[in-house]
2 protein chains.
Amino acid sequence: MQEVTQLRKDAQTNGHQGSLLEKLRKLVLSGEFPPGAPLPELFLAEEFEVSRTPVREALKQLENEGLVEIRPKVGTFVRIPTRREIVELFQLKESLEGLAASLLARRGPVQEMEILKRNIEASERAERSADSARYAELVHEFHWTIVNGSDNSKLVEHYGRLMNQLAYHRIVLETVERPARMRASIREHQSVVDALLEKDPLGAELAMRGHVNASSLAAARGADAGAEA
Amino acid sequence: MQEVTQLRKDAQTNGHQGSLLEKLRKLVLSGEFPPGAPLPELFLAEEFEVSRTPVREALKQLENEGLVEIRPKVGTFVRIPTRREIVELFQLKESLEGLAASLLARRGPVQEMEILKRNIEASERAERSADSARYAELVHEFHWTIVNGSDNSKLVEHYGRLMNQLAYHRIVLETVERPARMRASIREHQSVVDALLEKDPLGAELAMRGHVNASSLAAARGADAGAEA
DNA sequence: GGGTAACTTCTTGCATGCATCAAACCTACG
DNA sequence: CGTAGGTTTGATGCATGCAAGAAGTTACCC
C-alpha cells in the first residue's frame, strides 16, 4: 500500500512533472552533455529515479528523433549532426514552411492573421529596444503560428521532429543571426503576412521560402564563423 | 483462427531474419490485422518467440511512426488513419517530392537520370502489356529514385516515415489509380525527367508537384469510390 | 621496447516477476 | 427489467537478474 514513500519523497525533489522522454530530451538539447558524450542507462536511471527499462524506451525514442545515436552493445551517445545534415534540415524547413504558408493562405481570414500582425508589431518593438531574447522568442512563435495555422496535423508533426533536430543548433545559430538580420527578417515576415492577407497561396509560399532561405544562409554563415566554439 | 497458425508458421520458417521492428511493421502494414485491432504484447512475444520487452520497444517505435496507437494501461492497436490525415500526408508528399526533384535537378547529370529514363521505358512496356503489378512497382521505384537522388538524407528519412504511413492505403489507392491514370502518369513522369535533364530545378519541382497532386486527387477519388471495402 | 593475447570491467539486451490499473462481468437491488 | 456497485480478469508498466559482447588493461612473449 504505502511502501513507496521513499521513492516519492526523492522524486519530488527533482520535480516529477513531464514524462521521462521529455526530461531526457531536454537534457540532451540543453547541451549539458556535449555532442558525443555517452548516456549510460544506469546513470540516467539513478538520476531520474526509475529503472533502466523506461530509460531504455525513452532513449530509443530519442534515437528515432535523431537526437542520440545508439551503438548496439556499446551505448547511447549524444548525436553530432554534421554540417551537411544542418543544411539538409534547413532545406526541409524551407519546403515545409512554404507548404504551411501556402495552406494557411488558402484558409482565408482566420484568427492566425491577427496573431501574426501583433507578432510583427511586437517584433518591431523588440528590435527597437534591442531585446534580442524577446525577439528570438517572437520569431519562434511566428513560424510556429504559421505551421500550426496550416491546419495540417501531419505537417505539424514532421515540422516538430525537424525543429527538434535543429533545436540544439538554433541556440548558436540564432545568436549569430539575430543582430545582423533583425530588420530584414521583420520585413520578410511582413511580406509573408501581406501575401496571407491577400489569400495568395503561391505568394505566401514564395515569401516564406525566401525568408527561410535567407535565414538559413545567414545561420550557415554564422555557424561557419563560430565553428571553433 | 487460421490466421494465427499461419503467423506461427511464418515466424518459424522465417526464423530470426530481419529485426523484430521490421517484422512487426510488416505485420501491421500487411493488413492482416484490421485497423483498430489490438496487438497484445504477450501474443506478439509468443508469436515471434521473444520476450515482451523487445516487443514493447518495437511497438513504441511503431507508435512513433504513426502506425499503431498505444493507449496507456490499455493496449496497442492498429492505427486508423482518417481520411483527413490521408489528405494531409499527400500534401506533404507533394511538397517533399517537389523538393527532391528540385535538388536532383541541381545536381546536374548523374546516374539517376539514366535509371529514370530506363524506368519510363519499362513503364511504357508494362502499360502496353497491361502488367499493372509491374507498373506499380516501377512507379514506386521512380519516386524513390528521385527522393534518394536528392542526396538529402534527412529528406529521405522524413519521406520514408511519410510513405510508411501511406503504405497501408497505397495498396488500395494504387489499385484504383492504376488503370485510369497509367498513360497520364507516364507522361507526367516524362516531363519531370525532361526538366531534370535540362537541370531546371524550378521546372522539375513544378512538374513533380503537378504529378503528385494529380495522383493524389485520383487516389482520393478512388478511396471515395472504394470506401465501402 | 613493441605487439599481441588473455582478462577485467562496464555496458547493453533480454527474460521474468510483480504491482497497477482499465475494462468487462457478474450480482444484487431498485 | 435496468442499473449501480463491487469483483474478476487480463493487459500494461516497471524493477530486477542474468548473460553476452565490446572496450580498455594488463601481462607476457618476441
Side-chain angles (χ1 to χ4, degrees), chain A residues 1-12 14-25 27-28 33-65 67-80, chain B residues 1 4 7-8 11-12 14-25 27-28 33-65 67-80:
Chain A
M1 284 194 204
Q2 67 228 47
E3 88 287 305
V4 288
T5 48
Q6 75 180 47
L7 276 179
R8 279 193 171 273
K9 200 174 66 177
D10 286 333
Q12 278 183 341
N14 243 347
H16 210 275
Q17 55 184 5
S19 71
L20 178 65
L21 175 62
E22 288 166 13
K23 287 193 280 189
L24 284 180
R25 192 188 287 120
L27 190 66
V28 171
F33 288 72
L39 296 168
E41 293 173 3
L42 190 60
F43 170 78
L44 297 173
E46 289 171 355
E47 197 69 23
F48 293 100
E49 291 169 322
V50 290
S51 91
R52 279 180 50 219
T53 311
V55 170
R56 228 182 126 62
E57 287 177 0
L59 286 178
K60 275 228 165 176
Q61 300 268 336
L62 290 184
E63 183 195 31
N64 207 284
E65 295 179 16
L67 296 181
V68 304
E69 177 190 359
I70 298 180
R71 294 215 291 276
K73 282 286 186 181
V74 176
T76 305
F77 304 87
V78 177
R79 187 129 195 290
I80 314 170
Chain B
M1 323 176 160
V4 173
L7 277 177
R8 189 159 282 152
Q12 281 175 357
N14 216 348
H16 288 89
Q17 203 151 20
S19 73
L20 179 65
L21 176 62
E22 287 167 14
K23 286 193 279 190
L24 284 180
R25 191 188 288 121
L27 190 65
V28 171
F33 287 72
L39 296 168
E41 293 173 2
L42 190 59
F43 170 78
L44 297 173
E46 289 171 355
E47 209 60 41
F48 293 100
E49 292 169 323
V50 291
S51 93
R52 278 180 51 217
T53 312
V55 169
R56 227 181 128 61
E57 287 177 0
L59 287 178
K60 275 227 164 177
Q61 300 268 335
L62 289 183
E63 183 196 32
N64 208 281
E65 295 179 16
L67 295 181
V68 304
E69 177 189 359
I70 298 180
R71 292 214 292 275
K73 279 288 185 181
V74 176
T76 305
F77 304 87
V78 177
R79 187 130 194 290
I80 315 169

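Keep in mind it's a predicted model, so treat the numbers as computed, not measured.
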Going by heavy atoms in the side chains, are B:Val28 and B:Leu39 under 4.5 Å from each other?
yes

Close side-chain approach of A:Val68 to A:Phe33, heavy-atom, < 4.5 Å:
no

Tell me whether the OP1 or OP2 atom of D:dA15 has a side-chain N or O from A:Ser51 closer than 4.0 Å.
yes

Over how many whole Å does the gap from A:Leu20 atom CG to D:dA15 atom C1' extend?
14 Å

For a 4.5 angstrom cut-off between non-hydrogen side-chain atoms, does B:Arg25 reach B:Leu67?
yes

Is there a donor and acceptor pair, one atom on the side chain of A:Thr76 and one on the base of C:dT12, closer than 3.5 Å?
no

Rounded to the nearest 0.5 Å, the CG atom of A:Leu59 sits from the CZ atom of A:Arg56 at a distance of 8.5 Å

Check step by step if side-chain contact (heavy atoms from CB on, under 4.5 Å) holds for A:Asn64 and A:Lys60.
CA-CA 6 Å; A:Asn64 207 284; A:Lys60 275 228 165 176; over 6 Å; no

Between C1' on D:dC14 and CD on B:Glu57, what's the gap in Å once rounded to a whole number?
13 Å

What does A:Pro38 touch in the nucleic acid at a heavy-atom separation under 4.0 angstrom: a base, only the sugar-phosphate, or nothing?
nothing

Distance check needed: C:dT16 P versus B:Glu41 CD, whole Å only.
15 Å

Polar atoms only, N or O, under 3.5 Å: list the protein pairs with nucleotides 18-21 of chain D and their distances.
| unit_1 | atom_1 | unit_2 | atom_2 | d |
| --- | --- | --- | --- | --- |
| D:dA20 | N3 | A:Lys73 | NZ | 3.2 |

Just compare C:dT12, D:dC14, D:dA23 and give me whichever is closest to any side-chain atom of A:Val74.
D:dA23

Distance in angstrom units between A:Ile70 CD1 and C:dT12 C1', rounded
10 Å

As a test of reading the structure: which of C:dA23, C:dG13, D:dA23 is closest to the side chain of A:Arg56, going by heavy atoms?
C:dG13

Over how many whole Å does the gap from A:Phe77 atom CZ to D:dA23 atom C1' extend?
10 Å

Report yes if the side chains of B:Leu44 and B:Leu27 come closer than 4.5 Å at any heavy-atom pair, otherwise no.
yes

Can you check the B:Leu39 CG to D:dT12 P distance for me, whole Å?
9 Å

Roughly, in whole Å, what's the span from CD in B:Glu49 to P in C:dT16?
13 Å

Atom pair distance, as rounded to whole Å: CD in A:Glu69 and C1' in C:dT11:
16 Å

Assuming nearest nucleotide by heavy-atom distance, tell me which of B:Pro40 and B:Thr53 is located more 5' along DNA chain D.
B:Pro40

To the nearest 0.5 Å, what is the distance between CZ on B:Arg71 and CD on B:Glu63?
11.5 Å

